[in-house]
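In what follows, every heavy atom counts, from backbone to side chain, and hydrogens, waters and symmetry copies are set aside. Below, chains carry the letters A, B, ... as their sequence lines are ordered, and counting in each starts from 1.
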Amino acid sequence: MTSFLFAMIIAGTPLLFATLGEMLTEKSGNLNLGVEGMMLIGAVAGFGMGFYTGNGLLAIVGAAIAGALGALIYAFLTVSLRANQVVSGLALTIFGTGISSFVGTLFIGQKMPDRVITSFARVKIPLLGDLPFIGPILFRHDYFVYIGYLMAICLGVYFYKTRYGLNLIAISENPSAADASGIHVNLYKYVHILFGGALCGMAGAYLSVVDVPQWQDNITAGRGWIAIALVIFVKWNPIMALFGAYLFGGLSIIGFRLQHLSISQNLLDVLPYAVTIIVLILSSIRKSKEDAPPKGLGVPYFREDR
Amino acid sequence: MRMIKRTDMTGKKAAIIRIVSIIAAFLFTSVFISALGHSPINVYFSMVEGAFGSAHRIRDTFTITIPLVVTSIGIMIAFKMKFWNIGAEGQIIVGALAASYLALNYNHLPKMVLLPAMFLAGFVGGGLWALIPAFFKVQFGTNETIFTLMMNYVALKWVTYLQYGPWKDPGSLGFPKIANFTDAAIMPKLFGVHVGWIIAIILVIIITIMMNYSKAGYEIAVVGESMDTAKYAGMNVKKVILSALFISGGIAGIVGMMQASAVNQTLSTQVAAGYGYTAIITAWLSGLKAAIIIPVSLLFAIMIKGGSFIQTAYQIPQSAAGILQSVILFFVIGSEFFIQYKLVRNSVMEKEVA
């Protein structure tokens with residue numbers, strides 16, 4: 001049981017980063033369906049950086065920058081040129097899939113250098129790691145997992161305890177009112193879309209650099225889309241995202257654990273996708289005011305239209 | 001400088017802007033091809049040569065164009081209502097699955113009975129697969145983008161399960177594949193290409209007429225423009241969305257039937273081959289107009305077929321074609337801005353106001 005919960009945290013980490021990234025984007029009123037693409041761009045950039053420099057930190061930074069660059073294309077199209085957000089996001093996913101597969105041909109069959117793998121070795125956090133039950137599950141991971149915890153908590157503080165968080169609510173609910181009150185709407189959108197892209201890039205890098213550490217084409221296998229659904233599931237709340245992401249992490253690996261039940265692996269592989277659908281349906285049924293998406297989500301804002 | 005809404009945009013001007021943006025996308029991609037150490041002109045020329053260089057290649061290119069045209073038509077109907085159906089891939093797979101069930105189990109039937117039955121099964125299979133997310137969308141407002149996409153994975157895993165399990169061909173010596181169709185289940189050819197091209201042309205005509213001259217097409221357009229207007233006008237919005245999505249998914253299902261029957265001559269996990277995703281681009285680039293879908297799909301078929309050719313000729317990975325497609329999409333999406341708005345200097349504005 002402990003080993004399953006431990007593995008669940010690892011499988012949930014890329015989902016957590018991607019969910020937080022998309023949450024940042026959506027909090028600024030933009031729906032970016034390019035998560036899968038940005039993850040793939042980050043995955044290949046992170047792998048490349050790790051592979052050529054042998055430095056784990058550079059791999060993460062490279063992936064984050066690459067993810068942000070992908071998001072920049074989306075931001076320019078949707079914020080500056082006010083293009084359709086759905087189509088722009090889809091285009092970004094197609095682009096990211098192509099780029100990662102193209103660049104990835106350099107790495108086919110290659111493994112991550114040992115130096116990088118050891119830099120993501122598991123570290124027991126003093127005291128916390130010794131807690132009964134929780135310790136071995138939560139506090140004996142690699143650095144990346146801990147960054148995930150911190151990121152979720154920081155975003156929670158950022159959204160709910162700072163002025164910027166308040167401004168974001170204004171922007172995503174009613175951009176013209178926010179603009180009138182002196183908030184630089186487009187700047188906010190750019191910053192959050194880019195930072196969101198960076199997190200998605202890191203999500204991809206966790207897969208290619210730490211989890212798998214070997215290059216595979218289409219390494220994300222739909223996790224970016226699950227992350228978009230998770231944002232809805234966790235009601236745009238970063239702390240809830242921790243639970244949502246690890247829950248879905250568990251679903252994605254439960255197949256291996258249930259093999260002795262002689263259920264076909266291919267049927268069990270359906271689980272995360274099927275549960276995502278159920279979650280989507282349930283979140284749309286229990287529609288209450290608090291759970292509703294930001295009013296301005298997906299609607300392009302153009303001050304000249306006011 | 002500030003932006004103002006254009007009022008002087010003609011259809012001709014808009015078309016020119018779109019074509020210029022496609023050319024700009026090719027120029028932009030040229031920079032990267034040069035960086036790889038190839039001559040862009042040679043590469044583009046080879047792509048065209050790879051697509052049209054021989055009778056065999058021309059047939060291949062048209063065989064790729066058919067599913068793109070038909071899937072784009074299906075997607076277009078949903079997109080017209082701003083129902084973001086990105087589940088065509090799954091609808092193709094389920095259509096193929098339904099048709100294959102008949103092909104594998106009723107192969108004693110004569111061709112004239114079996115093929116139309118498979119066609120119908122493909123349509124119904126794809127239609128039902130699209131109807132599920134549509135039902136939840138109209139009932140509870142469930143996000144259709146993610147729903148339809150998740151359905152793609154469910155469909156794919158379903159076929160994977162069948163291919164590795166219950167439907168595995170016992171005669172394949174343990175190799176996980178489904179049995180090949182018998183002749184009765186394989187679509188005939190006309191001029192070297194399977195008759196799907198005729199189906200594609202007929203569909204384009206039917207859907208053009210439906211969208212422009214029928215009550216159903218009008219209702220779809222109104223729902224797409226404004227749900228409130230549609231309700232106010234007394235339309236049954238739910239019924240419009242559900243029936244349009246059944247047709248949208250059904251048309252994708254037809255693609256599944258055609259690919260399984262005429263191209264693969266069996267059912268496999270490769271049956272949709274990404275057409276469901278590429279068709280999203282082609283449908284959008286066509287400005288959601290049925291007639292324009294044909295040339296746009298042909299352009300993409302050239303890129304797909306030519307892309308596999310330059311892989312062998314220049315060792316440029318085939319994914320380069322995917323990148324080129326998405327760059328074109330980026331440029332065309334971006335160019336919409338210049339169709340909708342124009343940039344003017346502030347001084348000019350003031351004069352106009354004065």
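Interface remark: A:Val86 contributes side-chain atoms only to the contact with chain B (heavy atom separation under 4.5 Å). If you measure heavy-atom distances from A:Ile73 to chain B, the contacts under 4.5 Å come from the side chain alone. Contact of B:Leu324 with chain A is not made at all, since no heavy-atom distance falls under 4.5 Å. Proximity to chain A involves both the backbone and the side chain of B:Ile333, based on heavy atoms less than 4.5 angstrom apart. In this structure, chain B has heavy atoms under 4.5 Å from both the backbone and the side chain of A:Ile228. For A:Ser80, the part lying near chain B is the backbone, with the side chain staying farther off; criterion is any non-hydrogen pair under 4.5 Å. In this structure, chain B has heavy atoms under 4.5 Å from both the backbone and the side chain of A:Ser88. If you measure heavy-atom distances from A:Leu77 to chain B, the contacts under 4.5 Å come from the side chain alone. A:Thr105 touches chain B through its side chain: at least one heavy atom from C-beta onward sits under 4.5 Å away, while N, CA, C and O do not.
Remark: A:Arg82 does not engage B:Glu336 in a salt bridge, criterion side-chain N to carboxylate O under 4.0 Å.
Contacts classified as salt bridge (Lys or Arg N to Asp or Glu O under 4.0 Å) and involving residues 93-106 of chain A (residues at least two apart or in different chains) are not found.
Within a 6.0 Å radius of OH in B:Tyr164, no more than 12 heavy atoms belonging to other residues, nucleotides or ligands are found.
For B:Trp84, the ring pair (Phe, Tyr, Trp, His ring centres under 6.0 Å) partners are B:Phe79, not counting sequence neighbours.
Using a 30° and 60° split on the angle between ring planes, B:Phe28 and B:Phe331 fall in the tilted class, from 30° to 60°.
Contact count versus chain B (heavy atoms, under 4.5 Å) is highest, among A:Phe76, A:Tyr74, A:Phe102, for A:Phe102. Between chain B and the options A:Gly96, A:Ala91, A:Ala83, A:Ser101, heavy-atom pairs under 4.5 Å are most frequent for A:Ala91. Per-residue counts of heavy-atom pairs under 4.5 Å with chain B were compared for A:Val270, A:Val87, A:Ile99, A:Ile94; the largest is that of A:Val87.
Residues of residues 300-317 of chain B placed with any heavy atom under 4.5 Å of a heavy atom in chain A are listed by number as B:Ile316, B:Pro317. Near-neighbour residues of residues 144-151 of chain B relative to chain A, defined by a heavy atom under 4.5 Å from a heavy atom of that chain, comprise B:Thr145, B:Ile146, B:Phe147, B:Leu149, B:Met150, B:Met151.
Annotation: cation-pi geometry not satisfied between A:Arg223 and A:Phe17 (NZ/CZ under 6.0 angstrom from ring centroid, within 45° of ring axis).
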